[in-house]
Amino acid sequence: MGNLLGGVSVREPTTVEDCDSTWQTDSEPELEEPGPGGGEGPGREPVQPPEPAEPAEPPERAGGRPRAGPALEPDAEAAGAEQGTDSTEAPAKPKRSFYAARDLYKYRHQYPNFKDIRYQNDLSNLRFYKNKIPFKPDGVYIEEVLNKWKGDYEKLEHNHTYIQWLFPLREQGLNFYAKELTTYEIEEFKKTKEAIRRFLLAYKMMLEFFGIKLIDKTGNVARAVNWQERFQHLNESQHNYLRITRILKSLGELGYESFKSPLVKFILHEALVENTIPNIKQSALEYFVYTIRDRRERRKLLRFAQKHYTPSENFIWGPPRKAQPEGSKAQKPPGPPTAAQQGQTSMHKKPKESKNASSAAHGVSKAAEDKKVASKEAAEETDKPRAEPGSEAAQPGEPEQDGAADDSSPRAEQTVTHPEEQKENASPSEKDEAADSQSQDAGSPGDAGAQDAAALP
């Protein structure tokens, strides 16, 4: 059975970001190492440099028997509730699952803390596919499964012990009778044409169960004849999403890594574009995409999904946003004011101008009235007998005379009572100058009226 290394182990990631290298720079080289298949195409997998070591964890299993303790985590099926129920939650913004990210990180990196301790001549999975032994606990051989179970959707749906034997992994599943793959067994499996032929038949059988068909040797898929009925079932039976995750992982282990992207792209298209299996989109984005070892392929799938995902603001699988330092954000220059803003500005300004103009006009008319009164009084003075020559120091129209007339006039006293008009005590010539100055500042009464009219809505 697979076991943890007894000595120094690779430190496992502790955050989703540590687990996900999908959006590292495109110019960064995609490091690869030969897979269990000896370096041939399907067996090659990109890897990352090992991280600093930390003390190893205690073994989970020993001697081929389950050991009591915490639930086994490497297999996604061990936490089926998480993947199977994501899509039924309230339509809140989704959140990345650390469990899913860590599980798939281990898978993509060849389970860095595990090593093979099984005898190499065990080869239970290979012997099952060679039709030498039946799968346990049911006691059914692979040929019977492929010939008699095919098309029996009730049996394929409700039996939960065959899937671990049809699609073996280097991690423990729910069926403890099923044996974990070893690297040696993987190499032998790929060399055995009989096993590979039956493995592809098992894959086709499960695709048909989901309503999908394999259309060529490169892994491209399409809708099967019975797709409507099977898609409806797939949309409602979410435990099958766990099975799809296992199938994708097993394809990569046994030499068919290239078959993953076409299947995942097809599922994303049906879920996001055609909306035939909408409940699967969360599992597709959180699990299916991340079974693919080549990050460039993952980016292609995620860009496709982001283009069609709704609501777009809830798409959380895209490249991380780069945080900008505070104060470095460029402020957008204010644009030219709109016509409505200009209208509002003029509406606010013009009443004030109109008020000033009205006040100026009132001052001009008041000055003119006072001038008339002063002229009338001066005319009355001329009708009176002339004073002695010595008393003609003050002539009509001179400042002193106008000042005396203002002081003696009752209307002038009323004018003085207004604080703003105390300057009216000046002579008529000074009043004229003041009136002219005010008229120049405020404009004519006609202009003020025009401004008042323009200010009206």
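Taking the ring pair (Phe, Tyr, Trp, His ring centres under 6.0 Å) definition, one finds that F128 meets it with W165, sequence neighbours left out. Scanning for ring pair (Phe, Tyr, Trp, His ring centres under 6.0 Å) contacts around H308 gives F304, with sequence neighbours left out. Legend: residues meeting side chain to side chain donor-acceptor pair (under 3.5 Å) with N175, ordered by chain and number and at least two apart, are absent. By the side chain to side chain donor-acceptor pair (under 3.5 Å) test, E154 pairs with H158, sequence neighbours left out. Partners of K191 by salt bridge (charged side-chain N to carboxylate O under 4.0 Å, His left out), not counting sequence neighbours, listed by chain and number: E188. Under the salt bridge (charged side-chain N to carboxylate O under 4.0 Å, His left out) criterion, K300 pairs with E297, sequence neighbours left out. For Y290, the ring pair (Phe, Tyr, Trp, His ring centres under 6.0 Å) test picks out no residue, with sequence neighbours left out. Residues passing the salt bridge (charged side-chain N to carboxylate O under 4.0 Å, His left out) test with R96 are D20, E286, sequence neighbours excluded. Remark: F315 engages Y309, W317 in a ring pair (Phe, Tyr, Trp, His ring centres under 6.0 Å) (not counting sequence neighbours). Every side chain to side chain donor-acceptor pair (under 3.5 Å) that E157 has, sequence neighbours left out, goes to H233, H239, N240. For Y153, the side chain to side chain donor-acceptor pair (under 3.5 Å) criterion is met by E208, N226, not counting sequence neighbours.
Atoms NE2 and CD1, on H269 and I277 in that order, are 10.5 Å from each other to the nearest 0.5 Å.
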What donor-acceptor contacts under 3.5 angstrom involve side-chain atoms of residues 129-143, with partners at least two apart or in another chain?
{"from": "Y129", "atom 1": "OH", "to": "L166", "atom 2": "O", "distance (Å)": "2.5"}
{"from": "N131", "atom 1": "OD1", "to": "E143", "atom 2": "N", "distance (Å)": "3.4"}
{"from": "D138", "atom 1": "OD1", "to": "T161", "atom 2": "OG1", "distance (Å)": "2.5"}
{"from": "D138", "atom 1": "OD2", "to": "N159", "atom 2": "ND2", "distance (Å)": "2.9"}
{"from": "E143", "atom 1": "OE1", "to": "N147", "atom 2": "ND2", "distance (Å)": "3.2"}
{"from": "E143", "atom 1": "OE2", "to": "R198", "atom 2": "NE", "distance (Å)": "2.6"}
{"from": "E143", "atom 1": "OE2", "to": "R198", "atom 2": "NH2", "distance (Å)": "3.2"}

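Under a cutoff of 6.0 Å and an axis angle of 45°, R293 and Y107 form a cation-pi pair.
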Margin query: I292 vs S261, test: side-chain contact (heavy atoms from CB on, under 4.5 Å). Steps then yes/no.
Written below: CA-CA 7 Å; I292 298 170; S261 290; 3.6 Å; yes

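Contact of the L126 side chain with the Y184 side chain is not registered, since no non-hydrogen atoms from C-beta on lie closer than 4.5 Å. Taking the side chain as every heavy atom from C-beta outward, Y203 and L207 approach each other to under 4.5 Å.
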